[in-house]
Amino acid sequence: MSKPIHVSVAWPYSNGDLHVGHLAGAYLPADIFARYHRLKGHKVLMVSGSDSHGTPILVEANKRGITARELFEQYHERFLRAQKKVGISYDLFTHTDTENHHKIAQDFFLKLLENGHLKKEKQTLLYSEAEKRFLPDRFVEGTCYICGYESARGDQCDNCGNLMETTKLIDPHNIENPDDKLIPRETEHYFLQLQQFVETLIPYLEKHKDHWRANVYNFSANFVKDLRQRPITRDIDWGIDVPLEGWGNKKMYVWFEAVMGYFTASVEWAKNVAKDENAWKEWWYNPESKIYNFIGKDNIPFHTVIWQSELLGVNGIYNDHSDAESYDADLQLPFDVPANEFMNIEGDKFSKSRNLAIWLPDILERYQADAVRYYVIRTLPETTDSDFSWQGFYERVNNELLAAWGNLVNRVLGFAYKRFDGQVPEYDELTEADQAIIAKVQAGFETIGAQIEAVKLRQALETTLLLSQDVNAWLNEREPWKVYKADKADAARSIYTALQCINTLKMLFAPFVPFSSQQVHEYLGFDGQLFGDLKIEEYAESTRNHKALVYDPSAAMGTWDAQELAQGQALRQPAPLFIKLEPEMVAEEQARLGQPRDEHPIEV
RNA sequence: GGUGAUGUAGCUCAGCUGGUUAGAGCGAUCGACUCAUAAUCGAUAGGUCGUGUGUUCAAGUCACACCAUCACCA
């Protein structure tokens, strides 16, 4: 039965290239999950986009002497290309500066206001002359007006523990710029009344406790206990307008509108891709649907509590039963939020400023997408922070992906191609051992499928690898290359069996390493594609156009189940699936870390 | 400072509601094989489960404290 599955993927902040941490934290898990469910025949909608607003983009753009929009569009374009190259199969990867996103975010704002979830409040904050903005508390330091401690933070004194009112601090200054002048100035903002949702959120969290990751649940359950109002507007030039008279110089806070992207991108997908304005409702108002949020651990409360509050606060939006596709249900809240931990680099924390990072465009220039995918998946930080090491990359790619799986394909297909006239051998009857190995590999659809559904992806890939090793072991028992000389019929049985196993393994590996699985598919003599195509499209709105990455499923024919390989099917001449890595690459790559880097154009 | 997590073989990680000699993959050592990108297969050796107390007939698995690392909030 086909189920609606929504895969909501964290929105990358568009002020620098993507790196392996992005892949490990959210994109690869989401992609594997989405590909698997598509193979299962479910209705998958996987969306994300570039987060284009907020201070860091403005600051970076100023530094480069370009506009914020120019800056984010430059990286947006690079995001599209890099993700197409590594195969992250978004149904739609758009950005937050579309008219669509702006309009819906404003509608959310107005609906929250109408429903009594927003409150206006005046406050006095410290305004930075140098930065021309109100300085967030964490950048302010001063002398504590209670105990006299000189390095009290903007909001709390670390010495006496008292909470501080920033504007009362004695001699407040900007921690990043001692010459900056800070002036108390009054401003007015809207606040989201998060505390109004506590009574709904607690049972919501409780309901999902058993299948959520422990740290996600615990963290959220604790966070929800102390919910208070949070400002959703700010004094800044770059962002989404507050849709009220007299608020023209204020914008929505980026955290408030960026999470709405899961929803707004779904609406855009319906309009631009599905060409059915209401198609998004199948995921958002359908009680059968399950929404999964793939994010990093730094974002947990936003995706387990705050986003839910926004959805609860606008419940019913766009679902006024004026069209045939309206549902008689509430706006759906996320079913699971499988947050990942962080991926370190050679034992160090990722650091953009020190260039301690493995940039996606760079690694894809030098290595196969599936090699990158394989290593990152094997090292996913699902339960704890993990470490990307080039030695590990070298070893896992050569000794596991290439040696176990690539070599299995190569040895069997090469032998079949040479000794059986380029065809799948015909056989009389398979031995018990042959039938047993086929059955064992096919059972992977159950076990690996269950692991993927539980979002235990690292384990799922290991299980798949072990199955390919089982086939290697079985092959060594059967020794078709030796048997062939005396008993060609028996070699035919075992080679047929091995090919049948490879045909199954190709599907089991497909969500993880889709490019090589497609290659195996073709070597086995099949035509057509296991998955659809990723395309970069351009969409027009009334004032400007935007580009997006779009998954076109029309060519996809892969399914998550055992398919009988036809005897006599013509094979294609095989070649090695994976490029073997040279040991020197480890030191070469390590030497690149921390060095200045150029952003090369990304060839797709 | 508060909250949540993490700390298990050389490396990367499993170990659910406490229960026989703590598991896997890689690496190492030895052996087998030669169809295959010197790939594959088998066997062996590696751990006082961060530290310290405690609960229990029994603790990697529970409690408390401490140390280290990470994230969020401040």
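For clarity, every value in this text was computed on a predicted model and none was experimentally measured. Just so it is clear: chains get the letters A, B, ... in the order the sequence lines come, proteins before strands, and each one is counted from 1.
- Nearest-nucleotide positions on RNA chain B place A/Asn222 closer to the 5' end than the other of A/Trp474 and A/Asn222.
- Look at CH2 on A/Trp307: it is 21 Å from P on B/C72, rounded to the nearest Å.
- Separating the CG atom of A/Leu227 from the P atom of B/C72 is a distance of 18 Å, rounded to the nearest angstrom.
- For the pair A/Tyr496/A/Leu430, a side-chain contact is recorded, criterion being any heavy-atom separation below 4.5 Å from C-beta on.
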Scoring nucleotides 28-40 of chain B by protein non-hydrogen atoms under 4.0 Å (B base, S sugar-phosphate only, - none) yields ------SBBB-SB
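- B/C73 atom P lies 13 Å from atom NE2 of A/His303, rounded to whole Å.
- Only the C1' atoms considered, B/U8 is 16 Å distant from B/A68, to the nearest whole Å.
- A heavy atom closer than 4.0 Å to some atom of RNA chain B occurs in no member of residues 497-519 of chain A.
- Going from the C1' atom of B/G15 to that of B/G52 covers 24 Å, rounded to whole Å.
- A side-chain hydrogen bond (donor to acceptor under 3.5 Å, both in side chains) with A/Tyr374 is found for exactly one of A/Gln368, A/Arg396, A/Glu400, namely A/Glu400.
- Between A/Arg213 and A/Asp336 no salt bridge is recorded (no basic side-chain N to carboxylate O distance below 4.0 Å).
- B/A32 and B/G7: their C1' atoms are spaced 40 Å apart (whole Å).
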For a side chain to side chain contact (heavy atoms under 4.5 Å, CB included) check, start with the C-alpha distance between A/Ile358 and A/Glu589, then their side-chain angles and the critical distance, and finish with the verdict.
CA-CA 9 Å; A/Ile358 295 169; A/Glu589 292 294 353; over 6 Å; no
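- Residue contacts shown for A/Ser386 are limited to sugar-phosphate atoms, with no base heavy atom under 4.0 Å away.
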Under the criterion side-chain hydrogen bond (donor to acceptor under 3.5 Å, both in side chains), I'd like the reasoning laid out for A/Gln459 against A/Glu382: C-alpha separation, chi angles, the key distance, then a yes or no.
CA-CA 10 Å; A/Gln459 188 186 51; A/Glu382 285 180 338; over 6 Å; no
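- B/C26 atom P lies 9 Å from atom OH of A/Tyr374, rounded to whole Å.
- Atom NZ of A/Lys352 has more than 12 heavy atoms from other residues, nucleotides or ligands within 6.0 Å.
- The shortest side-chain heavy-atom distance between A/His208 and A/Pro334 does not fall under the 4.5 Å cut-off.
- For the C1' atom pair drawn from B/A59 and B/C49, the interatomic distance equals 11 Å after rounding to whole Å.
- When side chains are defined from C-beta on, A/Leu499 counts as touching A/Leu413, because their heavy atoms get closer than 4.5 Å.
- Distance CZ (A/Arg230) to C1' (B/A74): 11 Å, rounded to an integer number of Å.
- Rounded to whole Å, the separation between the C1' atoms of B/A9 and B/A5 comes to 24 Å.
- Between A/Tyr190 and A/Met252 there is no side-chain heavy-atom pair separated by less than 4.5 Å.
- Test A/Phe223, A/Phe335, A/Tyr262 against A/His303 for ring pair (Phe, Tyr, Trp, His ring centres under 6.0 Å) and you get one pass: A/Tyr262.
- Between B/A71 and B/A43, the two C1' atoms lie 44 Å apart (nearest whole Å).
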Map every base of RNA chain B to its dot-bracket character, where paired means a Watson-Crick or G-U wobble contact with both distances under 3.5 Å and | marks a partner outside the strand.
(((((((..((((.....[...)))).(((((.......))))).....(((((..]....)))))))))))).
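- Look at the P atom in both B/U40 and B/A36: the space between them is 14 Å, to the nearest Å.
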Give every donor-acceptor pair under 3.5 Å between a side-chain atom in residues 417-425 of chain A and any protein atom, sequence neighbours left out.
none

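- Annotation: B/U56 and B/G50 have their C1' atoms spaced 23 Å apart (nearest Å).
- A/Asn218 has a side-chain polar atom (N or O) that falls below the 4.0 Å cut-off from OP1 or OP2 of B/A5.
- To the nearest angstrom, C1' of B/C13 lies 8 Å from CD of A/Glu462.
- Ring centroids of A/Trp481 and A/Tyr484 are separated by 6.0 Å or more, keeping the two rings apart.
- In A/Glu584, the CD atom is crowded: over 12 heavy atoms of neighbouring residues, nucleotides or ligands sit closer than 6.0 Å.
- Under the side-chain hydrogen bond (donor to acceptor under 3.5 Å, both in side chains) criterion, A/Asn410 pairs with no residue at all, not counting sequence neighbours.
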Any chance you could list the contact pattern along nucleotides 64-71 of chain B? Use B for base contacts, S for sugar-phosphate-only contacts and - for none, protein heavy atoms under 4.0 Å, 5' to 3'.
------BS
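- Taking 90° from 0 as the syn/anti boundary, the base of B/G18 is oriented anti.
- For the pair A/Asp470 CG and B/C41 C1', the computed distance is 12 Å after rounding to whole Å.
- Inter-residue side-chain proximity for A/Cys501 and A/Trp474 is flagged as unmet; no heavy-atom pair is nearer than 4.5 Å.
- Per the geometry, CZ belonging to A/Arg396 stands 15 Å off P belonging to B/A24, to the nearest Å.
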